[in-house]
Number of protein chains: 2
Amino acid sequence: MDPDRAYERAELLKAFAHPTRLQILAELGKGTRCVTDMEDILPVTQVNISQHLTVLRNAKLVDFAQDGGTRCYYLSRPKLVEGVLSLITADHPVIRKTKEQIDREKTKGGKERVAVRG
Amino acid sequence: MDPDRAYERAELLKAFAHPTRLQILAELGKGTRCVTDMEDILPVTQVNISQHLTVLRNAKLVDFAQDGGTRCYYLSRPKLVEGVLSLITADHPVIRKTKEQIDREKTKGGKERVAVRG
DNA sequence: TTACGTTATAAGAAGATTCTAATATAATCA
DNA sequence: TGATTATATTAGAATCTTCTTATAACGTAA
């Protein structure tokens with residue numbers, strides 16, 4: 001992965017990487033919500049929710065449609081958001097490898113993982 | 001999503017959310033690597049790589065097997081790491097919704113939501 | 001217009017993260 | 001043993017992020 005792409009992907013992940021923002025995204029996964037809806041659910045101030053929504057908007061994870069005085073927020077890349085939420089929610093058992101296992105893997109195929117031999 | 005889980009999931013995502021760490025994870029996705037392997041590829045110091053590996057280890061995203069003086073690092077939750085990398089690498093078109101679309105979704109009674117005003 | 005409800009922005013302190021420099025530890029080699 | 005190679009830790013400054021307080025902007029209703 002080249003550094004420029006790594007940088008922009010890290011920026012995207014940073015937008016996800018906050019408890020309040022994760023809760024906002026999970027809530028928007030259930031449907032459109034305005035800021036007062038979120039105030040009822042999250043234990044943080046309106047100002048703070050608004051600030052987090054700004055971060056999420058800048059990352060293009062959410063957007064809103066104006067409805068009179070309120071703003072209806074929704075996921076603007078639902079597949080991405082739901083994919084990430086689903087991955088981090090799932091259980092992923094932690095595996096362990098011994099030096100011997102690693103040696104065996106290496107002989108089965110090189111660094112580049114090009115098929116060398118069966 | 002309850003706040004405690006949101007907090008721990010945000011911690012996990014923070015481990016991903018750095019350009020150098022993403023590059024390390026992408027590299028480990030290709031196979032086991034020791035620190036000097038990574039030094040050859042990444043434009044950062046050995047000390048810094050080691051620090052990032054500590055973050056990744058604490059998040060249980062990587063682990064290592066000792067091989068004499070070197071440490072063979074590998075992904076300890078490869079499905080999780082590869083899933084996240086694949087999601088953020090893929091193109092996810094940004095969608096936009098109008099107030100009217102949102103209203104229509106609501107009346108179709110799709111997903112659950114909180115009480116709607118007016 | 002004024003008042004109210006809803007959401008956003010600004011400024012700054014507090015806290016967390018990251019990088020650099022120096023050093024430490026551990027295994028291997030001569 | 002001392003030198004060398006490989007990796008980790010510590011400490012601190014620089015930087016970034018977050019939260020708080022105060023306030024601004026916008027839409028609707030009276």
Side-chain angles (χ1 to χ4, degrees), chain A residues 3 6-25 27-28 32-59 61-74 99 102, chain B residues 3 6-25 27-28 32-59 61-74 99 102-103 114-118:
Chain A
Y7 177 85
E8 73 181 28
R9 287 165 190 169
E11 286 300 303
L12 176 61
L13 282 166
K14 278 202 248 178
F16 279 95
H18 188 284
T20 301
R21 292 199 290 271
L22 281 183
Q23 291 177 91
I24 291 173
L25 292 171
E27 196 57 28
L28 292 179
T32 300
R33 295 286 187 275
C34 67
V35 179
T36 42
D37 290 337
M38 299 186 213
E39 275 185 79
D40 295 342
I41 291 161
L42 302 176
V44 299
T45 63
Q46 174 271 313
V47 167
N48 199 217
I49 292 174
S50 199
Q51 287 167 332
H52 285 302
L53 284 170
T54 300
V55 172
L56 293 172
R57 255 189 289 126
N58 289 338
L61 292 177
V62 309
D63 202 353
F64 63 84
Q66 195 86 32
D67 179 12
T70 76
R71 290 181 168 190
C72 304
Y73 275 88
Y74 58 88
K99 176 186 173 312
I102 291 167
Chain B
Y7 177 84
E8 74 183 27
R9 286 164 192 170
E11 286 301 304
L12 176 61
L13 283 166
K14 278 203 250 179
F16 280 95
H18 188 285
T20 301
R21 292 198 291 269
L22 281 182
Q23 289 175 275
I24 290 173
L25 292 171
E27 195 57 28
L28 292 180
T32 299
R33 297 284 187 274
C34 67
V35 180
T36 43
D37 289 338
M38 301 186 211
E39 275 185 79
D40 294 343
I41 290 162
L42 302 175
V44 300
T45 62
Q46 175 270 314
V47 167
N48 199 217
I49 292 174
S50 198
Q51 287 167 332
H52 285 301
L53 284 170
T54 300
V55 173
L56 293 172
R57 254 189 290 126
N58 289 337
L61 292 177
V62 309
D63 201 352
F64 63 85
Q66 194 87 32
D67 181 12
T70 77
R71 290 180 169 192
C72 304
Y73 275 88
Y74 59 87
K99 174 185 173 316
I102 291 168
D103 286 345
V114 298
V116 184
R117 352 144 277 115

Rounded to the nearest 0.5 Å, how far apart are [atom1] of [X] and [atom2] of [Y]?
X       : Y       : atom1 : atom2 : answer
A:Leu53 : A:Thr20 : CG    : OG1   : 10.5 Å
B:Arg71 : B:Asp63 : CZ    : CG    : 9.5 Å
B:Thr70 : A:Lys99 : OG1   : NZ    : 8.5 Å

Query - Contact residues, residues 16-24 of chain B to DNA chain C [heavy atom, < 4.0 Å] - result: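 DNA chain C contact set from residues 16-24 of chain B: B:His18, B:Arg21.
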
Requested in this report: Please name all residues satisfying salt bridge (Lys or Arg N to Asp or Glu O under 4.0 Å) with B:Glu39, sequence neighbours left out, ordered by chain then number.
Outcome: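 Expected list: none.
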
Query raised in the report: C:dG5 C1' sits how many Å from A:Asp37 CG, rounded?
Result: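 Between C1' of C:dG5 and CG of A:Asp37: 14 Å.
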
Query raised in the report: Rounded to the Å, how far apart are B:Asn58 CG and C:dA16 C1'?
Result: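 Taking atom C1' of C:dA16 as the reference, CG of B:Asn58 is at 15 Å.
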
Query - Set of residues satisfying side chain to side chain donor-acceptor pair (under 3.5 Å) with respect to A:Ser50, sequence neighbours excluded - result: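 Scan of A:Ser50 (side chain to side chain donor-acceptor pair (under 3.5 Å), adjacent residues dropped) gives none.
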
Query - Pairing residues for A:Phe64 by the ring pair (Phe, Tyr, Trp, His ring centres under 6.0 Å) criterion, not counting sequence neighbours - result: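 In terms of ring pair (Phe, Tyr, Trp, His ring centres under 6.0 Å), with neighbours along the sequence ignored, A:Phe64 is linked to A:Tyr73.
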
Requested in this report: Apply side chain to side chain contact (heavy atoms under 4.5 Å, CB included) to the pair B:Tyr74 and B:Leu28, showing each step before the final yes or no.
Outcome: CA-CA 6 Å; B:Tyr74 59 87; B:Leu28 292 180; 5.8 Å; no

Query raised in the report: Which part of the nucleic acid, if any, lies within contact of B:Phe64, taking any heavy atom under 4.0 Å across all strands shown: a base, the sugar-phosphate backbone alone, or nothing?
Result: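 It contacts nothing in the nucleic acid.
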
Query - Contact list for DNA chain D against residues 45-55 of chain B - heavy-atom distance below 4.0 Å - result: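 Residues of residues 45-55 of chain B under 4.0 Å from DNA chain D: B:Gln46, B:Val47, B:Ser50, B:Gln51, B:Thr54.
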
Query raised in the report: Which parts of residues 7-14 of chain A get close to DNA chain D, meaning a heavy atom less than 4.0 angstrom away?
Result: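 Residues of residues 7-14 of chain A that come under 4.0 Å of DNA chain D are, in numerical order, A:Lys14.
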
Query raised in the report: For the side-chain contact (heavy atoms from CB on, under 4.5 Å) test, which of B:Arg57, B:His52, B:Arg33, B:Arg21 pairs with B:Val62?
Result: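 Passing option: B:Arg57.
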
Query raised in the report: Under 4.0 Å between a side-chain N or O of A:Tyr73 and OP1 or OP2 of C:dA8?
Result: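 For C:dA8, OP1/OP2 do have a side-chain N/O of A:Tyr73 under 4.0 Å.
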
Query raised in the report: Any side-chain N or O of A:Thr36 less than 4.0 Å from the OP1 or OP2 oxygen of C:dT7?
Result: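 For C:dT7, OP1/OP2 do have a side-chain N/O of A:Thr36 under 4.0 Å.
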
Query raised in the report: Is there a donor-acceptor pair under 3.5 Å between the side chain of A:Asp37 and the backbone N or O of A:Cys34?
Result: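 Judged by distance alone, yes, a pair lies under 3.5 Å.
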
Query - Contact interval (first through last nucleotide) of DNA chain D with protein chain A, 4.0 Å heavy-atom - result: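 Under 4.0 Å from chain A, the extent on DNA chain D is D:dT17 to D:dT28.
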
Pairs under 3.5 angstrom only: tabulate donor-acceptor contacts from the side chains of residues 40-49 of chain B to other protein residues two or more places apart or in another chain.
| from | atom 1 | to | atom 2 | distance (Å) |
| --- | --- | --- | --- | --- |
| B:Thr45 | OG1 | B:Asn48 | N | 3.1 |
| B:Asn48 | ND2 | B:Gln51 | OE1 | 3.3 |

When the side chains of residues 6-16 of chain A are checked against the rest of the protein, which donor-acceptor pairs come out under 3.5 Å, sequence neighbours left out?
| from | atom 1 | to | atom 2 | distance (Å) |
| --- | --- | --- | --- | --- |
| A:Glu11 | OE2 | A:Lys14 | NZ | 3.1 |

